[in-house]
Colleague: 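Provided herewith is a single structure, encoded as structure tokens, for subsequent inquiry.
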Amino acid sequence: MNRDVSDLIKPLPAAETDIIYFQINDKNNHIKNEIKELNDPLKIEQIEQVLGEFKYSPKKPLSSKVRNFKKSIQSWKKNHPYNDRSYEWYKWYSDEHKPKFMDDISSKELPRLYRLLDRIYLIFDQLGEEVKDDFTIIIGGKDEVPFSISEYKDSVKHKITKEEQAELDEYEKDQMINPDLAFKPRIRKYDHPYNGKFKIKFDGYPYHAYIRDTNKGKLEDKISQIIIEFYKEYICVRNERLAREEAEQKEKEEKEKKIQRAECINAEKKKVQKLITEARDYKISMQIREYANTVEDSKYRKWILQKASWLDPTVHKEDKILGMRDYSKDLKEYLKDLQEIENDRYW
């Protein structure tokens with residue numbers, strides 16, 4: 001700290017060595033330990049380098065990203081001059097969304113908010129992460145890291161205004177005239193004014209970490225830790241997504257296995273049904289051949305033997321009229337289908 005320490009120098013006692021080792025707080029090792037679960041040494045090295053070299057000047061103009069965000073807030077206030085409470089019912093049927101942080105930051109502290117967002121954006125831009133126009137932050141190209149920035153409020157005893165005092169005076173008069181009809185005005189006991197102290201909170205489950213202004217430093221002085229917390233929450237969000245995707249993949253695989261098993265069973269059923277049909281047709285073809293031996297008309301006997309060969313799966317001879325026998329269908333059903341086809345053709 002550039003102070004004179006000559007009067008603090010004391011001679012060392014006799015020792016075996018003149019070398020003394022000191023353990024110092026290595027900032028880079030701190031970052032590595034904090035986000036080691038990224039499992040990406042190159043990314044961790046990039047984060048260390050960017051945070052180590054990052055410098056910010058409040059005198060420089062805001063980045064275009066933050067200027068656009070600032071315009072969205074100004075535009076909202078211009079187009080919605082009514083009380084903010086009315087937005088509670090308005091938002092249910094409107095596609096228009098109020099810009100982030102508006103409900104939690106006083107108008108007085110908005111310039112500070114813009115500067116804080118500018119720091120966050122510039123760092124993430126150097127790190128190659130995506131910051132959308134509404135300040136949704138996407139890390140790793142896939143995962144949104146939910147966060148909020150809010151301003152603390154004090155709790156102070158409410159000072160009665162002139163209008164409220166007039167309502168109380170009116171109530172006291174009504175009490176004297178007709179107590180049953182007197183209505184006591186509802187006046188809050190405490191006010192909750194903003195106090196200018198900020199908090200950035202990471203809203204993803206189960207993380208829920210936050211960093212706030214303290215007497216030792218404001219958020220602007222803790223920008224490195226803020227970025228580290230972003231990545232720590234990203235790790236939680238990423239792990240949750242990976243677990244969800246793994247569960248979905250397992251469910252998909254189980255479903256595919258069930259489908260494949262069902263298809264296999266159905267295919268086997270069809271093969272068994274075909275086997276039964278072939279066996280029946282074989283039996284019928286043998287009966288037809290026995291019958292053919294009893295027929296004296298040679299022409300008719302020849303026709304009978306042709307049909308026996310058409311039915312017999314061991315011969316499976318094509319018939320000039322009926323074509324090839326389809327053993328996937330029972331004989332009666334097959335002949336019925338052929339008849340219906342011919343009837344449709346006739347009509």
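Numbers for residues simply follow the sequence, beginning at 1. Worth saying up front: this structure is predicted, and the values here are computed from it rather than measured.
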Colleague: Whether the D133 and N68 side chains hold a donor-acceptor pair (N or O, under 3.5 Å, no angle test) is what I'd like checked.
Modeller: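 Their side chains do not contain a donor-acceptor pair, so the 3.5 Å distance test is not met.
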Colleague: If only atom types and distance count, is the side chain of D213 paired as donor or acceptor with the main-chain N or O of L219 below 3.5 Å?
Modeller: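 Yes, D213 side chain to L219 backbone: donor-acceptor pair under 3.5 Å.
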Colleague: Examine K153 relative to Y194 and say whether NZ or CZ is less than 6.0 Å from the centre of the six-membered ring and inside a 45° cone about the ring axis.
Modeller: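 Because its charged atom sits under 6.0 Å from the ring centre and within 45° of the axis, K153 does stack over Y194.
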Colleague: May I ask you to check whether over 12 heavy atoms, not counting those of M176, lie within 6.0 Å of atom CE?
Modeller: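 Atom CE in M176 is not crowded, with 12 or fewer foreign heavy atoms closer than 6.0 Å.
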Colleague: For P193 versus V156, what's the shortest heavy-atom pair and its separation?
Modeller: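 The pair with the smallest heavy-atom distance is CD-CG2, 3.8 Å.
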Colleague: Drop me the distance from E48's CD to E45's CD, to the nearest 0.5 angstrom.
Modeller: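 Here the rounded value is 7.0 Å.
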Colleague: Where the side chain of N239 meets the backbone of I235, is there a donor-acceptor pair that is under 3.5 Å apart?
Modeller: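 Yes, N239 side chain to I235 backbone: donor-acceptor pair under 3.5 Å.
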Colleague: Membership question, hydrophobic clusters at under 4.5 Å side-chain separation (ILVMFWY): are I211 and F230 in the same one?
Modeller: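 Yes, same cluster.
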Colleague: Is there a donor-acceptor pair under 3.5 Å between the side chain of R325 and the backbone N or O of W310?
Modeller: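 Answer holds: no.
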Colleague: Can you tell me if E251 has over 12 outside heavy atoms packed within less than 6.0 Å of its CD?
Modeller: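 Open: at most 12 neighbouring heavy atoms sit under 6.0 Å from CD of E251.
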Colleague: To the nearest 0.5 Å, what is the distance between CG on L322 and CD on Q306?
Modeller: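 L322 CG to Q306 CD: 11.0 Å, rounded to 0.5 Å.
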Colleague: With a 3.5 Å cut-off and no angle check, do the side chains of Q225 and E229 form a donor-acceptor pair?
Modeller: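 The criterion, which ignores hydrogens and geometry beyond distance, is satisfied for E229 and Q225.
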Colleague: Any Lys/Arg nitrogen of R280 or D330 sitting under 4.0 Å from an Asp/Glu carboxylate oxygen of the other?
Modeller: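 Salt bridge flag = yes for D330 with R280.
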Colleague: Judged by modelled atom types alone, do E253 and Q249 share a side-chain donor-acceptor pair under 3.5 Å?
Modeller: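 Present: a donor and an acceptor within the cut-off.
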Colleague: Same hydrophobic cluster for I284 and Y291, using side-chain heavy-atom links shorter than 4.5 Å among ILVMFWY?
Modeller: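 Yes, because I284 and Y291 connect within a single hydrophobic cluster, where side-chain heavy atoms sit under 4.5 Å apart.
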Colleague: Within the supplied structure, the quantity of interest is the number of heavy atoms (other residues, nucleotides, ligands) at a distance under 6.0 Å from K307 NZ; does it exceed 12?
Modeller: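 More than 12 heavy atoms, drawn from other residues, nucleotides or ligands, come within 6.0 Å of this atom.
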Colleague: Between Q126 and F54, which heavy-atom pair has the shortest distance, and what is it?
Modeller: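 Minimum heavy-atom separation between Q126 and F54: NE2-CD1, 3.7 Å.
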Colleague: Working to the nearest 0.5 angstrom, can you tell me the gap between K199 NZ and D104 CG?
Modeller: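 CG of D104 is found 9.0 Å from NZ of K199.
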Colleague: Would you check, one step at a time, whether the test salt bridge (Lys or Arg N to Asp or Glu O under 4.0 Å) holds for K252 with E248?
Modeller: CA-CA 6 Å; K252 182 180 178 182; E248 291 173 353; over 6 Å; no
Colleague: Any donor and acceptor pair, going by atom type alone, linking the side chain of R112 with main-chain N or O of G196 inside 3.5 Å?
Modeller: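 Checking the backbone N and O of G196 against the side chain of R112, a donor-acceptor pair under 3.5 Å is found.
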Colleague: NZ/K43 to OH/Y231 distance, rounded to the nearest 0.5 angstrom?
Modeller: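 K43 atom NZ to Y231 atom OH measures 4.0 Å (nearest 0.5 Å).
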Colleague: With heavy-atom distances below 4.5 Å as the criterion, would you say the side chains of I137 and I120 are in contact?
Modeller: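 Side-chain contact under 4.5 Å: yes.
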Colleague: When you compare the side chains of D281 and S285, does any donor N or O come within less than 3.5 Å of an acceptor on the partner?
Modeller: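 No, S285 and D281 have no side-chain donor paired with an acceptor closer than 3.5 Å.
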Colleague: For a side-chain contact (heavy atoms from CB on, under 4.5 Å) check, start with the C-alpha distance between I35 and Y234, then their side-chain angles and the critical distance, and finish with the verdict.
Modeller: CA-CA 10 Å; I35 55 176; Y234 158 68; over 6 Å; no
Colleague: For a side-chain contact (heavy atoms from CB on, under 4.5 Å) check, start with the C-alpha distance between K329 and T277, then their side-chain angles and the critical distance, and finish with the verdict.
Modeller: CA-CA 7 Å; K329 295 182 179 180; T277 303; over 6 Å; no
Colleague: So, S107 versus K77: side-chain donor-acceptor pair below 3.5 Å or not?
Modeller: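 Looking only at side-chain atoms, K77 and S107 do form a donor-acceptor pair, the distance falling under 3.5 Å.
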Colleague: According to a hydrophobic-cluster definition based on side-chain heavy atoms being under 4.5 Å apart (Ile, Leu, Val, Met, Phe, Trp, Tyr only), do Y121 and I227 belong together?
Modeller: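 Same cluster: Y121 reaches I227 through Ile, Leu, Val, Met, Phe, Trp or Tyr contacts under 4.5 Å.
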Colleague: On the six-membered ring of F198, is R212 placed so that its NZ or CZ lies under 6.0 angstrom from the centre and within 45° of the ring axis?
Modeller: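 Cation-pi check for R212 and F198: fails.
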Colleague: Does the side chain of T214 come within less than 4.5 Å of K222's, by heavy atoms?
Modeller: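 Result yes, sub-4.5 Å side-chain heavy-atom pair found.
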Colleague: Are L113 and E151 packed together at the side-chain level, in the sense that at least one heavy-atom pair is separated by less than 4.5 angstrom?
Modeller: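 Side-chain contact under 4.5 Å: no.
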Colleague: Does a salt bridge link E246 with K250, judged by any charged N lying under 4.0 Å from a carboxylate O?
Modeller: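 Salt bridge present between E246 and K250.
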Colleague: Between E129 and G140 (side chain of the first, backbone of the second, donor and acceptor by atom type, cut-off under 3.5 Å), is there such a pair?
Modeller: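 Yes: the side chain of E129 pairs with the backbone of G140.
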Colleague: Considering only heavy atoms from C-beta outward, does the side chain of V131 approach that of D125 to under 4.5 Å?
Modeller: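 In short, these two side chains do not touch, never coming nearer than 4.5 Å.
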Colleague: On a heavy-atom basis, which atom in D203 and which in F147 lie closest, and how many Å separate them?
Modeller: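 Residues D203 and F147, closest heavy atoms: OD2-C, 3.4 Å.
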Colleague: Quick one, T161 with Q165, criterion side-chain contact (heavy atoms from CB on, under 4.5 Å). Give me CA distance, side-chain angles, the key distance, then yes/no.
Modeller: CA-CA 6 Å; T161 64; Q165 186 61 54; over 6 Å; no
Colleague: Side-chain contact, heavy-atom cut-off 4.5 Å: R115 with E220?
Modeller: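 No, every pair of side-chain atoms sits at 4.5 Å or beyond.
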Colleague: Hey, any chance V315 and L305 share a hydrophobic cluster, counting ILVMFWY side chains that come within less than 4.5 Å of each other, even indirectly?
Modeller: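 In one cluster with V315: L305, no.
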Colleague: Using a 6.0 Å cut-off, check whether atom CG of N215 has over 12 heavy atoms from anything other than its own residue.
Modeller: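 12 or below, so no.
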Colleague: Return the minimal non-hydrogen interatomic distance between L117 and F69, and the atom names on each side.
Modeller: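 In this case the closest contact between L117 and F69 is CD1-CE2, 3.6 Å.
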Colleague: Indicate if L335 and W303 have the same hydrophobic cluster label, given that clusters are the connected sets of ILVMFWY residues with side-chain heavy-atom separations under 4.5 angstrom.
Modeller: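 The answer is yes; both residues are in one hydrophobic cluster.
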Colleague: Do L38 and I47 have side-chain heavy atoms sitting under 4.5 Å apart?
Modeller: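 Touching, per the 4.5 Å side-chain cut-off.
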Colleague: Any chance you could lay out the side-chain contact (heavy atoms from CB on, under 4.5 Å) test for D143 and I138, step after step, and finish with the verdict?
Modeller: CA-CA 5 Å; D143 300 300; I138 308 295; 5.8 Å; no
Colleague: With a 4.5 Å cut-off on side-chain heavy atoms, are D174 and L181 touching?
Modeller: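 SC-SC contact between L181 and D174 ruled out.
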Colleague: With no hydrogens and no angle check, just 3.5 Å: does a side-chain donor-acceptor pair link Y171 and Q175?
Modeller: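 Yes.
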Colleague: For the backbone of K218 and the side chain of D221, can you confirm whether one donor and one acceptor N or O come within less than 3.5 Å of each other?
Modeller: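 Such a contact is found between D221 side chain and K218 backbone.
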Colleague: Please name the pair of heavy atoms, one in E167 and one in P185, separated by the smallest distance, quoted to 0.1 Å.
Modeller: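 Of all heavy-atom pairs spanning E167 and P185, the closest is OE1-CB, 3.4 Å.
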Colleague: To the closest 0.5 Å, what do you measure between CD1 (I265) and CZ (R261)?
Modeller: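 Output value for this atom pair is 4.5 Å.
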Colleague: Measuring from atom NZ of K60 to atom CG of L122, what distance do you get when rounded to the nearest 0.5 angstrom?
Modeller: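 Atom-to-atom, K60:NZ and L122:CG are 9.0 Å apart.
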Colleague: How close do K36 and N33 get, heavy atom to heavy atom, and via which atoms?
Modeller: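 Taking every non-hydrogen atom into account, CG-O, 3.6 Å.
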Colleague: Looking at side-chain heavy atoms only, is the closest gap between E333 and K336 below 4.5 Å?
Modeller: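 In short, these two side chains do not touch, never coming nearer than 4.5 Å.
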Colleague: Tell me whether the NZ or CZ atom of K100 lies within the 45° cone about the ring axis of F135 and under 6.0 Å from its centre.
Modeller: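 Not flagged: K100 not positioned over aromatic ring of F135.
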Colleague: Does K274 come within less than 4.0 Å of E278, counting only side-chain N to carboxylate O?
Modeller: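 Counted as a salt bridge, because a side-chain N and a carboxylate O are separated by less than 4.0 Å.
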Colleague: Would the distance check show the side chain of S75 and the main-chain N or O of K71 forming a donor-acceptor pair, the cut-off being under 3.5 Å?
Modeller: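 No.
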Colleague: Check whether the side chains of D118 and Y56 place a donor and an acceptor atom closer than 3.5 Å, and report yes or no.
Modeller: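 Side chains of D118 and Y56: pair found under 3.5 Å.
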